[in-house]
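Structure first, commentary second.
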Amino acid sequence: MPITPLDIQEKEFERSFRGYDMEDVDDFLDEIAGDLEKLLRENEELKEEINRLLEKNKNYQKMEETLHSAI
């Protein structure tokens, strides 16, 4: 199952003696979640554009076939 931006934002780490600065970890996770969300949105937009262009290409192929038939 792929990780989601929400998974990153809700991730909790156990505190330990001499561990990492929790604020730094939280800031980094927020940054990663934002970047991941942006990439997922961009990926979805690109998939939609590919589908649109494939459909447009089919229409051009049909027109080409019609022109060949007419000749």
Side-chain angles (χ1 to χ4, degrees):
M1 181 169 160
I3 193 166
T4 66
L6 186 59
D7 293 334
I8 294 170
Q9 288 175 333
E10 292 181 348
K11 178 67 179 167
E12 294 288 328
F13 294 92
E14 292 183 28
R15 294 177 190 231
S16 64
F17 183 70
R18 295 186 169 262
Y20 292 105
D21 181 342
M22 292 303 293
E23 188 174 327
D24 286 345
V25 172
D26 289 341
D27 290 346
F28 184 69
L29 290 175
D30 289 343
E31 185 178 339
I32 291 173
D35 288 349
L36 179 59
E37 187 172 355
K38 179 182 172 187
L39 290 171
L40 291 173
R41 192 172 30 252
E42 181 181 358
N43 189 37
E44 191 60 36
E45 290 171 1
L46 290 171
K47 285 179 182 179
E48 290 172 5
E49 184 175 356
I50 286 170
N51 288 332
R52 184 182 57 77
L53 291 172
L54 287 172
E55 190 62 35
K56 194 173 185 179
N57 188 37
K58 283 182 189 177
N59 291 335
Y60 286 130
Q61 288 175 345
K62 287 179 185 177
M63 287 193 307
E64 181 182 21
E65 289 173 12
T66 303
L67 289 172
H68 281 293
S69 298
I71 296 176

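Only this structure's heavy atoms are used, side chains among them; waters, hydrogens and symmetry mates stay out.
Counting all heavy atoms, side chain and backbone alike, L40 lies closest to P5 at CD1-CD, 3.7 Å. Heavy atoms only, all atoms of each residue included: I3 and I8 are closest at CD1-CG1, 3.8 Å.
Judged by the 6.0 Å and 45° rule, K11 forms a cation-pi pair with F13.
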Contacts table for residues 62-71: side-chain donor-acceptor under 3.5 angstrom, sequence neighbours left out:
{"from": "T66", "atom 1": "OG1", "to": "K62", "atom 2": "O", "distance (Å)": "2.9"}
{"from": "S69", "atom 1": "OG", "to": "E65", "atom 2": "O", "distance (Å)": "3.0"}

Ignoring hydrogens and angles, write down the donor-acceptor pairs under 3.5 Å from the side chains of residues 21-33, residues two or more places apart or on other chains.
{"from": "D21", "atom 1": "OD1", "to": "E23", "atom 2": "N", "distance (Å)": "3.0"}

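Looking only at distances, no side-chain donor or acceptor of N57 sits under 3.5 Å from a matching main-chain atom of L54.
The pair E37-R41 meets the salt-bridge criterion, with a side-chain N (NZ, NE, NH1 or NH2) lying under 4.0 Å from an Asp/Glu carboxylate O.
Side chains of N43 and K47 form a contact here, defined as non-hydrogen atoms less than 4.5 Å apart.
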Query raised in the report: Does the pair E48 and R52 meet the rule for a salt bridge (Lys or Arg N to Asp or Glu O under 4.0 Å), with working shown?
Result: CA-CA 6 Å; E48 290 172 5; R52 184 182 57 77; over 6 Å; no
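A search for side-chain hydrogen bond (donor to acceptor under 3.5 Å, both in side chains) contacts involving D35 returns nothing, not counting sequence neighbours.
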